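In this text the structure is predicted, and so the values were computed from the model without any measurement.
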Amino acid sequence: MIHVPIVVALQFALAHRGLTALESFALVTAIAVPVSFGAAGLLRRIPGFRRVL
């Protein structure tokens, strides 16, 4: 639930940078994983949202 918008936004941001598919994948993965975990951690602090996640 959390990672999809983050990954898509990063892919659009890197779309026209001239990177190969493997480079783009590695960069998006390296950025998206910690950001997704951080966002999930912050969202879990919202009362009632923890049940959803």
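- For the residue pair I2 and A39, the shortest heavy atom distance occurs at CG2-CB, 3.8 Å.
- Judged as a side chain to side chain contact (heavy atoms under 4.5 Å, CB included), and not counting sequence neighbours, R45 has no contacts.
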Contacts under 3.5 angstrom, residues 22-35 side chains, donor-acceptor by atom type, not counting sequence neighbours:
from : atom 1 : to  : atom 2 : distance (Å)
E23  : OE1    : T20 : N      : 3.0
E23  : OE1    : T20 : OG1    : 3.4
T29  : OG1    : F25 : O      : 2.7

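- Note on I46: it clusters hydrophobically with I6, by side-chain heavy-atom contacts below 4.5 Å among ILVMFWY residues.
- With side-chain heavy atoms closer than 4.5 Å counting as contact, directly or through intermediates, L42 stands alone and belongs to no larger hydrophobic cluster.
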